[in-house]
Participant: 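Below you will find the structure I want to go over with you.
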Amino acid sequence: MAKSSSTTGTKVTIYDIAEIAGVNPSTVSRALGKPERVSAKTRKLVEEAAAELNFRANPLARALLTGRTGTVGLIVADITNPSYFDMIRGAQSAAAANGMTLVLAESAESASTELLVAQRIQPSTDGIILASPRMSDPEIRALNTTKPVAVINRSVEGVDSVVPDVEPGISEAVRHLASGGHQRIAFLSGPDTSWVSDRRWESLRSACEWTGREALLIPTTEPTTEGGRRAARNVIASGATAALCYNDVLAIGLMRELQAAKVKIPDEFSVIGFDNIFGSDFTTPALTTIASPFSEAGTAALSLILAALPSAETGLLPAEPPGRAALPTSLIVRGSSGRLLAT
């Protein structure tokens, strides 16, 4: 029996495998790089010989043969935002289940940084998932012409997307607040470059019109607890008695500042977040929030990348139109929202 490379210290080549398997080196190359081009019997011979020699394929060499790296990139807007944790885990689990590796990067809420990072990692990946991207639609479409791209929390014409359907959750939230006697509902917006923030505001405004409530837009400086704290004074000045926030961390910051100002929650003011992040129920009172299916979004985005990969046989991209996965949202009622007692 031939000794393995780990015991001899020598590098195993396709010629060594070919000698043991009794086939040509070119057949070994095809069996390792494009196994669909050889018979099952030949593939088994090559695999057994490779195992006997403790052969491990060089990922870069394999990429040259197959055009595949076995790697998918995921770029998030803010790696410290808990909203992305489940999304990352969902994409990672789906990647591992398909024998792939997920590479994570962030844009720090910067469109220019996001584009630069995407351009840098694209050559070494099979595709890129953009979570809440900040760059422009044309820039995203340009990336998609080179390697498959899937976006989460954004809809870009001609590009695969995973977009949570915010209408069910927001409609539930407005009905919940309306039943509690709230007439004026503020929306604490997300970043100016956030596509999903605009969709959430439009959905809230529509739901308020339907229920005879008034919707008020309150811009924020940043989608963080500090941004929520800074917005508190403007929220109170608006005359609103309830607020729906772009995300949970904004809501937590708003709630903390209101409580510091001796505003009773929910008796005098109701606060609702968005995303149902880990820890959203750790506040006092626990935060009412609209749950987004982030784990499913990460899984769906990875699936869209896989479906868009070029055929191993032809090297051509699939002819099907871009896919779109719409995932529902739902309201989780906790202690930070309820009937308005103060008049």
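Nothing here was measured: the structure is a model prediction, and the numbers come from that model.
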Participant: Write out all pairs satisfying side-chain hydrogen bond (donor to acceptor under 3.5 Å, both in side chains) with one or both partners inside residues 163-177, taking only residues at least two apart or from two chains.
Facilitator: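 For residues 163-177: H176-S337.
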
Participant: Given side chain to side chain contact (heavy atoms under 4.5 Å, CB included), test S270 with L177 step by step and report yes or no.
Facilitator: CA-CA 8 Å; S270 286; L177 293 173; 3.9 Å; yes

Participant: To the nearest 0.5 angstrom, please state how far the CD1 atom of I252 sits from the CG atom of N247.
Facilitator: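 Here the rounded value is 8.5 Å.
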
Participant: Taking side-chain hydrogen bond (donor to acceptor under 3.5 Å, both in side chains) as the test, write out the residues that go with E139, two or more places apart.
Facilitator: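 side-chain hydrogen bond (donor to acceptor under 3.5 Å, both in side chains) list for E139, sorted by chain: S136.
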
Participant: Does the side chain to side chain contact (heavy atoms under 4.5 Å, CB included) test come out yes or no for I140 and M135, once each step is laid out?
Facilitator: CA-CA 7 Å; I140 293 174; M135 70 181 89; 3.4 Å; yes

Participant: Once ring-ring contact (aromatic ring centres under 6.0 Å, His included) is applied, do any residues pair with F278, and if so which ones, sequence neighbours excluded?
Facilitator: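 Once residues adjacent in sequence are excluded, the partners of F278 under the ring-ring contact (aromatic ring centres under 6.0 Å, His included) criterion are F282.
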
Participant: Over all heavy atoms of both residues, which pair between R134 and P191 is shortest? Give the atoms and the distance, please.
Facilitator: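 The answer is NH2-CG, 3.8 Å.
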
Participant: Can you pull the ring pair (Phe, Tyr, Trp, His ring centres under 6.0 Å) pairs that have at least one residue in residues 227-276, sequence neighbours excluded?
Facilitator: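 Non-adjacent pairs meeting ring pair (Phe, Tyr, Trp, His ring centres under 6.0 Å): zero.
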
Participant: Please round to the nearest 0.5 Å and tell me the distance separating atom CG of L204 and atom OG of S206.
Facilitator: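 Rounded to the nearest 0.5 Å, the CG-OG separation comes out at 9.5 Å.
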
Participant: Give a yes or no answer on whether the side chain of S238 reaches the backbone of A240 with a donor-acceptor pair at less than 3.5 Å.
Facilitator: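 Yes: the side chain of S238 pairs with the backbone of A240.
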
Participant: Nearest 0.5 Å, what's the CG-CD1 distance between D248 and I290?
Facilitator: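 One finds 9.5 Å between CG of D248 and CD1 of I290.
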
Participant: Between E47 and K44 (salt bridge meaning N to carboxylate O under 4.0 Å), is one present in this structure?
Facilitator: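 No.
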
Participant: Going only through I, L, V, M, F, W and Y residues with side-chain contacts under 4.5 Å, is there a path from I185 to W210?
Facilitator: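 No, no single cluster joins them.
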
Participant: List for me each residue that meets side chain to side chain contact (heavy atoms under 4.5 Å, CB included) alongside T101, sequence neighbours excluded, and say none if there are none.
Facilitator: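 If we apply the side chain to side chain contact (heavy atoms under 4.5 Å, CB included) test to T101, skipping adjacent residues, the hits are T71.
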
Participant: To the nearest 0.5 Å, what is the distance between OH on Y84 and CG on D78?
Facilitator: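 Interatomic distance, Y84 OH to D78 CG, rounded to 0.5 Å: 7.0 Å.
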
Participant: Distance from E114 atom CD to L130 atom CG, nearest 0.5 Å?
Facilitator: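 With rounding to 0.5 Å, CD (E114) is 5.5 Å from CG (L130).
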
Participant: Given side chains that start at C-beta, do those of L216 and R184 come closer than 4.5 Å, heavy atoms only?
Facilitator: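 With C-beta onward as the side chain, the pair touches.
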
Participant: For a quick check under 3.5 Å, do S194 and S197 share a side-chain donor-acceptor pair by atom type?
Facilitator: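 No donor-acceptor contact under 3.5 Å links the two side chains.
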
Participant: Can you hop from L287 to L340 via hydrophobic side chains spaced under 4.5 Å?
Facilitator: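 No, because L287 and L340 fall into different hydrophobic clusters, even though each may have its own neighbours under 4.5 Å.
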
Participant: Taking side chain to side chain contact (heavy atoms under 4.5 Å, CB included) as the test, write out the residues that go with N24, two or more places apart.
Facilitator: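 Once residues adjacent in sequence are excluded, the partners of N24 under the side chain to side chain contact (heavy atoms under 4.5 Å, CB included) criterion are S26, T27.
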
Participant: Using a 4.5 Å cut-off on heavy atoms from C-beta on, say whether the side chain of M255 contacts that of P266.
Facilitator: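 When only atoms from C-beta onward are counted, M255 and P266 do not touch, as no gap falls below 4.5 Å.
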
Participant: Is there a donor-acceptor contact under 3.5 Å from the side chain of N153 to the main chain of A131?
Facilitator: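 A pair under 3.5 Å: no.
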
Participant: Indicate the atoms forming the closest heavy-atom contact of L45 with A21, along with that distance.
Facilitator: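 So the minimum-distance heavy-atom pair works out to O-CB, 3.8 Å.
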
Participant: Check G127 against K147 and note the closest heavy-atom contact, atom names and distance.
Facilitator: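 The pair with the smallest heavy-atom distance is CA-CB, 4.4 Å.
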
Participant: Keeping the roles fixed (side chain from T220, backbone from P223), state whether a donor-acceptor pair exists under 3.5 Å.
Facilitator: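 Side chain of T220 to backbone of P223: no pair is present.
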
Participant: Check whether any side-chain N or O of S93 sits under 3.5 Å from a backbone N or O of G90 as a donor-acceptor pair, and report yes or no.
Facilitator: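 No: the side chain of S93 does not pair with the backbone of G90.
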
Participant: Report yes or no: does R213 contribute a side-chain atom to a donor-acceptor pair with the main-chain N or O of A178 at less than 3.5 Å?
Facilitator: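 Indeed, once roles are kept as given, a pair shorter than 3.5 Å links the two residues.
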
Participant: Return the set of residues passing side chain to side chain contact (heavy atoms under 4.5 Å, CB included) with A105 (not counting sequence neighbours), or none when no residue passes.
Facilitator: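 Side chain to side chain contact (heavy atoms under 4.5 Å, CB included) check on A105 returns I75, V117.
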
Participant: Any side-chain to backbone donor/acceptor pair from R141 onto V156? Under 3.5 Å, distance only.
Facilitator: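 Not confirmed, R141 side chain does not pair with V156 backbone.
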
Participant: The criterion is salt bridge (Lys or Arg N to Asp or Glu O under 4.0 Å); which residues satisfy it with R229, sequence neighbours excluded?
Facilitator: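 Salt bridge (Lys or Arg N to Asp or Glu O under 4.0 Å) list for R229, sorted by chain: E257.
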
Participant: CD/Q92 to CE/M100 distance, rounded to the nearest 0.5 angstrom?
Facilitator: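 Answer for the CD-CE pair, Q92 versus M100, is 11.5 Å.
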
Participant: Are L254 and I236 joined in one hydrophobic group, where the rule is that I, L, V, M, F, W and Y side chains link up if heavy atoms are under 4.5 Å apart?
Facilitator: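 Yes; I236 is reachable from L254 via cluster members.
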
Participant: Going by side chain to side chain contact (heavy atoms under 4.5 Å, CB included), name the residues that satisfy it together with E222, two or more places apart in sequence or in a different chain.
Facilitator: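 E222 satisfies side chain to side chain contact (heavy atoms under 4.5 Å, CB included) with T224, E226, R230 once adjacent residues are dropped.
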
Participant: Test question: given the 4.5 Å side-chain rule for I, L, V, M, F, W and Y, name all other residues clustered with I332, or answer none.
Facilitator: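 Hydrophobic cluster check, I332: no partners found.
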
Participant: Between P285 and Q259, what is the shortest heavy-atom contact and its length?
Facilitator: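 In this case the closest contact between P285 and Q259 is CD-NE2, 3.5 Å.
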
Participant: Between T125 and V72, does the side chain to side chain contact (heavy atoms under 4.5 Å, CB included) criterion hold? Intermediate values first, please.
Facilitator: CA-CA 5 Å; T125 62; V72 174; 5.8 Å; no

Participant: Are there more than 12 heavy atoms of other residues, nucleotides or ligands under 6.0 Å from atom CZ of R233?
Facilitator: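 No, CZ of R233 has 12 or fewer neighbouring heavy atoms, counting only those of other groups under 6.0 Å.
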
Participant: With hydrophobic residues grouped by side-chain heavy-atom distances under 4.5 Å, do W195 and L143 end up in a single group?
Facilitator: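 Shared cluster, no.
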
Participant: If you take all heavy atoms of I128 and A118, which pair is closest and at what distance?
Facilitator: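 Residues I128 and A118, closest heavy atoms: CD1-O, 3.6 Å.
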
Participant: Are any side-chain N or O atoms of S107 and backbone N or O atoms of T113, one a donor and one an acceptor, separated by less than 3.5 Å?
Facilitator: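 No; judged by distance alone, with no hydrogens or angles, the pair does not exist.
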
Participant: Start with the C-alpha gap between I170 and W201, add the side-chain angles, then the distance that decides, and say whether side chain to side chain contact (heavy atoms under 4.5 Å, CB included) holds.
Facilitator: CA-CA 9 Å; I170 290 178; W201 161 241; over 6 Å; no

Participant: Tell me which pairs pass side-chain hydrogen bond (donor to acceptor under 3.5 Å, both in side chains) where either residue lies in residues 275-287, with sequence neighbours left out.
Facilitator: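 Sorted result for residues 275-287: S83-D275, R200-D275, N276-S280, N276-R334, S280-R334.
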
Participant: Can you confirm whether E202 is buried at CD, in the sense that more than 12 heavy atoms of other residues, nucleotides or ligands lie under 6.0 Å from that atom?
Facilitator: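 Above 12, so yes.
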
Participant: Considering non-hydrogen atoms only, spot the tightest contact between L244 and G273 and give its length.
Facilitator: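 Looking at all heavy atoms of both residues, the closest pair is CD1-O, 3.8 Å.
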
Participant: Hydrophobic cluster mates of I277, side-chain heavy atoms under 4.5 angstrom, ILVMFWY only, any path?
Facilitator: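 Other cluster members: V249.
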
Participant: May I ask whether V162 and V196 are part of the same hydrophobic cluster, defined by side-chain heavy atoms of I, L, V, M, F, W, Y residues being less than 4.5 angstrom apart, directly or through others?
Facilitator: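 Different clusters: V162 never reaches V196 through Ile, Leu, Val, Met, Phe, Trp or Tyr contacts under 4.5 Å.
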
